[in-house]
Enquirer: 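Okay, handing you the structure first.
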Amino acid sequence: MWKNKINTNRWEIKLVMLSLTFIVLTVCFSRTYHRYVVPLAQKDPGEFFVNAVQENQEYVSLKKGDVSQTIRVDYNGLSAVGIRIGRRELKRKEKDSEKILVQIYDAENSMIVQENQISVQQVDGGGLVKIELERELVGVPGHLYRIEISYKGKEQVYLYVSKEDTYEKGDCLQNGKILLGDISFSLYGSSYKFIKNIYYFIGLFFLSSVMVALTYIFFSKKIRLENIFLIGSLLFGTMYSIVLPPFAAPDESAHFVSAYNISSSILRTEQIVQEERVQQDPYNNDGYFNRYPNWDTYRRVYNSMMSSGQDFLTYYDEQYDYIKDYSIIGGHFVQAVSISVGRLLKLGYMPLVYLTRFINLLFYCIVIYIAIRIMPVCRAFMLGISFFPIVLEEAASVSYDGWIISFAFLYISYCLHCIYIKEKVRTRDTLLLILFLILCSNFKYIYYIMGGLLLLIPKEKLANKKQQYIIFGILAVMFCLMVGKTVVERSQPVTAEQMEFIHEKVAGFDRGQTYSMSDLLCSPKKLVEIYVNTVRDLSGEYLEQMIGQPLGSLNITVNRINIYFILILSFILALHGKGGDWIVNRRQGIVFAMVLVGVAGAAMLAMLVAWTNVSDNVIIGVQGRYFLPVLPLLGLLVSRLPIRIEKDMIKRVVCILFVINYFVVLDVFEYCIKFA
């Protein structure tokens with residue numbers, strides 16, 4: 001039966017195309033490996049910790065007994081230990097006969113890791129004696145080791161020890177008695193070597209998965225767009241989550257704090273008193289990770305995955321919410337449930353973050369799958385949008401943007417389904433539409449403007465006009481309340497204290513007094529001028545941001561060729577799938593355009609009064625991703641053009657989108673790893 005599903009038409013050409021694609025992807029994979037991974041893996045370990053005690057030191061003689069020092073290894077791993085050893089002038093002639101024994105033990109199981117014998121002659125003037133480990137200890141953050149130093153000879157050999165405790169992570173002992181200070185030592189490590197195996201394992205899996213997906217598309221007689229979306233979004237979403245370290249997405253740390261606070265409420269954990277809570281800083285994140293990922297970030301992620309401790313999670317219990325007024329039906333619900341499950345399973349810090357990311361991606365995939373399935377027109381364009389790098393990045397992060405985008409797409413799809421497909425639009429249909437609209441607009445009120453799409457439902461399809469009018473009235477009242485709340489919140493300019501806080505946290509941000517709504521209403525000419533300047537000067541930047549040319553916190557650059565290819569292919573997909581009564585008519589096109597312009601204008605207005613200085617000529621703070629939830633409407637407008645694309649073209653376009661996203665994933669990885 002499976003043979004009936006295989007399209008063997010022109011199979012020779014398809015096989016050649018697949019082979020060429022495999023060669024190209026393999027060459028790119030190999031290029032990244034040899035250009036970035038190999039040099040990094042061969043990099044010599046460096047000194048990452050020095051316990052210097054010169055200013056406040058004393059001498060401990062090894063003739064009085066063995067000395068041991070416990071050390072705790074961090075994400076750098078451990079490849080060597082340096083110890084400062086001193087001696088008096090040698091008196092004996094057989095200088096090489098006496099040895100200092102240095103042994104390194106695993107403090108948790110007392111297994112010996114390394115043993116070296118150092119000739120007394122090697123000890124000269126209290127210099128650093130370096131003990132190289134036979135193999136570098138990788139993936140051992142927080143692990144405790146013990147250095148034991150013993151000497152049975154007659155020469156005066158001693159260690160430099162601080163008078164006070166200078167190394168809080170371990171203790172110094174002599175003959176089992178704890179000394180007040182710590183010996184002078186250095187730790188060397190890099191944890192570079194693991195990257196080769198990880199890159200091979202994940203990279204080959206990624207390459208193989210892409211080729212399997214392309215083979216499925218090439219040889220399937222009939223492909224369902226929603227199935228293609230599910231395969232592609234799960235595959236590339238997972239890869240974006242891996243190459244983009246935790247909290248690299250815009251304000252992801254703040255979203256994690258909000259979700260964590262909801263999780264604490266769900267689990268009914270003991271609340272931290274207000275006096276002990278601290279202001280959440282979405283710009284510096286959590287101290288381990290920041291908005292500017294690099295190789296060091298990857299190393300910390302890897303080593304954190306090796307640890308099962310949850311100690312650091314108590315940090316989040318002490319944070320104030322950066323994103324206020326969350327609700328149980330808001331965009332942090334899925335993340336909060338995921339975090340709660342992870343905490344109940346006693347997952348470590350990093351596994352918990354990645355579990356939350358994956359569950360958030362899975363939820364996004366399910367919602368968009370339904371949206372594409374019920375979309376009656378321009379389904380291929382919605383599929384193309386779902387493969388935008390910025391969309392995959394947001395869906396595979398802890399951000400609520402994936403929630404907003406998914407329910408916005410579902411709302412638009414169901415609206416069009418009611419307009420074109422359903423014979424009767426009943427009360428439950430309208431209630432569902434209102435629910436989807438609320439779910440995608442709960443955090444960003446500007447998307448309530450999409451409620452205007454309900455006006456396109458033909459009156460003859462309404463099952464009960466009286467009930468429908470009541471529901472539309474409720475929606476109108478809710479819409480007015482949300483708009484009113486937004487206006488009130490944005491009516492006052494940002495205070496000097498708030499601007500000072502932002503100036504301290506955001507590099508290069510220097511803002512004075514911002515606009516207020518009253519200023520803009522009194523000067524409509526100034527308002528129009530600012531809008532015109534913004535569209536003229538920044539529209540190209542918004543377009544690139546909307547697709548994903550800058551990823552992360554707008555600091556990870558993707559090759560523009562890939563971005564413009566995605567743009568062109570998306571418009572090609574918008575020209576597919578027209579026919580019959582589903583063609584967008586003029587009235588519908590006008591409403592779609594009004595909603596598009598309305599959402600874009602509202603987003604710019606919100607940033608105008610929130611971030612823009614009165615001396616600026618353009619609006620500051622708008623990001624292209626704000627326009628993503630209404631982007632399917634642009635595809636509907638493009639579909640009105642008198643051009644048609646054949647059905648077979650979809651397979652080719654989707655395959656190219658898969659290949660481009662493969663290149664983008666490598667781009668992001670190379671960007672992060674090259675700053676080692």
Side-chain angles (χ1 to χ4, degrees), residues 36-53 68-84 102-109 111-114 116 128-147 166-172 182-199 202 242-243 245-248 284-290 292-309 311-312 315 348-351 353-354 669 672-676:
Y36 295 100
V37 177
V38 171
L40 189 61
Q42 294 174 345
K43 191 173 182 179
D44 294 331
E47 187 179 48
F48 66 87
F49 178 81
V50 179
N51 189 47
V53 297
S68 67
Q69 173 75 53
T70 52
I71 58 172
R72 192 174 297 275
V73 179
D74 64 8
Y75 62 89
N76 290 282
L78 188 66
S79 63
V81 175
I83 305 171
R84 286 186 65 214
V102 179
Q103 296 172 306
I104 301 176
Y105 289 88
D106 187 325
E108 297 184 8
N109 56 26
M111 296 289 291
I112 191 166
V113 175
Q114 183 76 21
N116 281 62
L128 202 68
V129 179
K130 192 174 180 181
I131 296 97
E132 299 278 356
L133 273 64
E134 293 180 359
R135 63 179 182 85
E136 184 175 8
L137 302 175
V138 178
V140 288
H143 206 80
L144 201 64
Y145 292 91
R146 185 175 72 254
I147 305 171
T166 58
Y167 183 68
E168 299 177 355
K169 299 177 181 179
D171 296 319
C172 181
D182 297 282
I183 67 173
S184 178
F185 65 93
S186 296
L187 300 179
Y188 299 81
S190 64
S191 291
Y192 294 128
K193 296 179 180 178
F194 81 92
I195 189 64
K196 292 176 68 175
N197 294 334
I198 295 296
Y199 181 79
I202 297 179
I242 293 174
V243 300
F247 311 130
N284 290 334
N285 295 309
D286 66 5
Y288 279 93
F289 303 96
N290 55 54
Y292 307 102
N294 52 31
W295 159 244
D296 193 53
T297 310
Y298 282 145
R299 185 169 56 184
R300 290 179 176 180
V301 170
Y302 174 78
N303 285 282
S304 297
M305 291 294 287
M306 302 296 106
S307 174
S308 59
D311 297 340
F312 192 78
Y315 169 89
Y349 172 44
M350 200 48 54
V353 174
Y354 275 97
F669 176 73
C672 295
I673 202 172
K674 71 183 179 183
F675 291 108

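Every heavy atom of this structure was used, including side-chain atoms; hydrogens, water molecules and symmetry mates were not.
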Enquirer: Could you list the residues that satisfy ring-ring contact (aromatic ring centres under 6.0 Å, His included) with Tyr105, not counting sequence neighbours?
Expert: none
Enquirer: Would you say Glu168 has more than 12 foreign heavy atoms packed within less than 6.0 Å of its CD?
Expert: no
Enquirer: Can you tell if the side chain of Val102 reaches within under 4.5 Å of the side chain of Val81, non-hydrogen atoms only?
Expert: no
Enquirer: Can you list the residues that meet the side-chain contact (heavy atoms from CB on, under 4.5 Å) rule with Asp182, with sequence neighbours excluded?
Expert: Asn51, Gln69, Ser162, Asp165, Thr166, Tyr167, Cys172
Enquirer: Applying side-chain hydrogen bond (donor to acceptor under 3.5 Å, both in side chains), can you list everything that pairs with Ser186, at least two apart in sequence or on another chain?
Expert: Glu47
Enquirer: When Tyr145 is tested against each of Leu137, Leu187, Thr70 for side-chain contact (heavy atoms from CB on, under 4.5 Å), which residue passes?
Expert: Leu137
Enquirer: Could I get the full list of side-chain hydrogen bond (donor to acceptor under 3.5 Å, both in side chains) partners for Arg299, not counting sequence neighbours?
Expert: Asn76, Asp296
Enquirer: Keeping the roles fixed (side chain from Glu136, backbone from Gly189), state whether a donor-acceptor pair exists under 3.5 Å.
Expert: no
Enquirer: Is there a donor-acceptor pair under 3.5 Å between the side chain of Glu134 and the backbone N or O of Gln114?
Expert: no
Enquirer: Looking at residues at least two apart in the chain, or sitting in another chain, which of them share a ring-ring contact (aromatic ring centres under 6.0 Å, His included) with Tyr36?
Expert: none
Enquirer: So, using side-chain hydrogen bond (donor to acceptor under 3.5 Å, both in side chains) as the criterion, who are the partners of Asp171 when residues are at least two apart?
Expert: none
Enquirer: Using side chain to side chain contact (heavy atoms under 4.5 Å, CB included), reason through Asn116 and Val129 one step at a time and then give a plain yes or no.
Expert: CA-CA 11 Å; Asn116 281 62; Val129 179; over 6 Å; no
